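Hydrogens, waters and symmetry mates play no part in the numbers below; they use all other heavy atoms, side chains included. Keep in mind that this is a model prediction, so the values were computed, not measured. Residue numbers begin at 1 in each chain, while the letters A, B, ... track the order of the sequences.
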Number of protein chains: 2
Amino acid sequence: MTDRSSRRPRAPRGTLNRDRVLAAAVDLLDHAGPDAFTMRALAQRLGVGTMAVYSHFQGKDEIIDAVRDLLFAEVELPPADARRPPHAELRELCRAVYRLLSEHPSVLHLLATRPVQGDEGTLFAERALGLLRRAGLDGPAAARAYTAVMQYTVGAALWTARGRKVRAAQGCDDPAERLRSRFAGLPPDRYPCLTGLAPQLAAAQDGMPQYEHGLDALLTGLLGDPDGRG
Amino acid sequence: MTDRSSRRPRAPRGTLNRDRVLAAAVDLLDHAGPDAFTMRALAQRLGVGTMAVYSHFQGKDEIIDAVRDLLFAEVELPPADARRPPHAELRELCRAVYRLLSEHPSVLHLLATRPVQGDEGTLFAERALGLLRRAGLDGPAAARAYTAVMQYTVGAALWTARGRKVRAAQGCDDPAERLRSRFAGLPPDRYPCLTGLAPQLAAAQDGMPQYEHGLDALLTGLLGDPDGRG
DNA sequence: ACCTGAACACCGTTCAAGT
DNA sequence: ACCTGAACACCGTTCAAGT
């Protein structure tokens with residue numbers, strides 16, 4: 001199946017460009033992880049010599065920045081709809097970002113290291129801040145609320161990606177099951193809650209449902225209970 | 001001032017041990033950052049040959065795990081006090097973890113990659129879960145609430161560390177000011193909220209106050225308003 | 001048992017050279 | 001302008017050797 005030489009045939013001249021490099025970079029990151037994302041592996045996947053990539057990007061950092069902004073631009077922002085309550089629209093906006101970060105866990109590492117610079121990430125911030133204002137928050141409260149929501153989203157996605165990485169490293173068994181058995185095996189007299197709640201803690205490692213649970217609590221605390229006082 | 005040879009004198013035999021390696025590792029990580037944390041730099045700081053460290057640790061990963069657990073063990077857990085409302089005690093517990101992560105931003109990178117294995121991190125989880133149960137949450141709700149709080153704490157600390165890293169890289173100017181001027185310079189017709197709220201967004205990059213703002217909102221959403229219905 | 005230095009298989013990037 | 005291969009200065013780790 002694979003090339004005996006483990007080196008694919010060289011692509012003809014002039015076929016390399018920034019888009020092809022970025023597409024291969026996303027593939028490589030998502031498939032092999034950040035550690036395996038090397039300039040040599042990237043070039044090999046593209047069928048060119050290692051240094052060919054440097055004709056289109058200054059170096060690895062510029063590729064990483066471009067990948068981050070490219071993927072953030074792919075967030076499917078729900079259509080603005082003034083009739084819906086801002087709470088609900090904000091929730092969907094956040095879910096879209098979380099979904100992106102979950103589907104491309106490697107971006108997380110990149111997002112965590114350097115902030116988004118691209119225009120599309122900026123548009124997301126604009127939308128979110130507008131919804132927070134519409135929900136009745138003043139300037140400082142909206143800024144703090146936006147920051148808190150982003151902090152939680154990044155943290156939740158990172159938490160999930162961490163579980164996946166452990167699974168990939170340790171023979172592909174369920175990370176939730178590993179967590180459960182680790183907690184369940186602790187001495188119950190010293191850790192009564194932890195041992196008792198091991199199954200529930202494992203159940204909370206389920207990605208989107210857990211994210212929604214925390215997000216709803218956070219938004220309720222930030223905006224007030226939407227079903228409560230009215 | 002510095003050694004002309006840029007190589008410090010070798011330590012006498014038998015003075016190296018796990019504790020000295022870990023202390024040097026924490027120093028190196030906090031002072032020089034994760035990228036500069038190499039086995040060669042660590043050994044040089046200890047005044048031994050590179051391979052001497054391998055007599056005490058299997059490799060770099062084992063050192064990283066040990067550093068993470070060591071620092072997590074240093075979290076100053078507030079004394080348990082059944083008279084205080086669980087909401088307040090949980091808040092202090094979380095603040096202690098956030099403070100640790102902020103003071104040792106390099107640990108974050110490590111915490112984000114692999115979960116805490118050490119006993120002390122486990123003790124923190126036990127305390128937090130106990131408080132959530134005391135606050136009236138049932139098993140599944142307590143597990144989800146604990147996970148959400150940890151996710152938010154990691155995300156918030158990472159957010160702060162990211163700002164610091166940018167500052168260190170880009171000539172030491174204030175990261176909040178950089179963020180403010182970037183947002184303030186956007187076209188106001190396309191980004192009315194972002195340009196208008198640039199100062200408030202910059203003000204929200206203040207670490208602990210922002211963390212507390214989000215944490216209180218999250219706890220309120222998870223536990224119910226402590227001052228509200230009673 | 002503890003520590004060393006050389007060596008191996010990597011990495012990102014520079015550089016002179018090719019087309 | 002675009003791409004190449006050799007080379008440089010790194011990295012973590014293996015290994016045979018020293019004490």
Rounding to a whole Å, what distance do you find between [X]:[atom1] and [N]:[atom2]?
| X | N | atom1 | atom2 | answer |
| --- | --- | --- | --- | --- |
| B:Arg40 | C:dC11 | CZ | C1' | 12 Å |
| A:Asp35 | C:dG12 | CG | C1' | 15 Å |
| A:Met39 | D:dA9 | CE | C1' | 17 Å |
| B:Gln58 | D:dG12 | CD | P | 16 Å |
| B:Lys60 | D:dT13 | NZ | P | 8 Å |
| A:Glu62 | C:dT13 | CD | C1' | 14 Å |

Donor-acceptor pair, side chain of [X] and main chain of [Y], under 3.5 angstrom:
| X | Y | result |
| --- | --- | --- |
| A:Gln205 | A:Leu201 | yes |
| B:Glu126 | A:Cys193 | yes |
| B:Glu62 | B:Gln58 | yes |

Practice prompt. Identify whether any heavy atom of B:Phe57 sits under 4.0 Å from a base atom; if not, whether one sits that close to sugar-phosphate; answer base, sugar-phosphate or nothing.
Written response: nothing

Fill in: Partners passing ring-ring contact (aromatic ring centres under 6.0 Å, His included) against B:Tyr98 (at least two apart in sequence or in another chain)
B:Tyr211

Fill in: ring-ring contact (aromatic ring centres under 6.0 Å, His included) against B:Phe183, all qualifying residues, sequence neighbours excluded
none

Worksheet item: Under 4.0 Å between a side-chain N or O of A:Tyr54 and OP1 or OP2 of C:dT13?
Response: yes

Practice prompt. May I have the step-by-step check of salt bridge (Lys or Arg N to Asp or Glu O under 4.0 Å) for A:Arg144 and B:Asp206, ending in yes or no?
Written response: CA-CA 10 Å; A:Arg144 289 227 181 264; B:Asp206 53 358; 2.7 Å; yes

Worksheet, complete the sentence: Partner of C:dA7 under the Watson-Crick or G-U wobble criteria, both distances under 3.5 Å, comes out as D:dT13

Worksheet entry | Pairing nucleotide - C:dT19, Watson-Crick or G-U, each distance under 3.5 Å | D:dA1

Write out a two-atom table: protein N or O, nucleotide N or O from nucleotides 1-4 of chain D, distance below 3.5 Å.
| residue | atom | partner | partner atom | Å |
| --- | --- | --- | --- | --- |
| D:dC2 | O2 | A:Arg13 | NH1 | 3.1 |
| D:dC2 | O2 | A:Arg13 | NH2 | 3.0 |
| D:dC3 | OP1 | A:Gly14 | N | 3.3 |
| D:dC3 | OP2 | A:His56 | NE2 | 2.7 |
| D:dC3 | O4' | A:Arg13 | NH2 | 3.4 |
| D:dT4 | OP1 | A:Arg10 | NH1 | 3.3 |
| D:dT4 | OP1 | A:Gly49 | N | 3.3 |
| D:dT4 | OP2 | A:Gly49 | N | 2.6 |

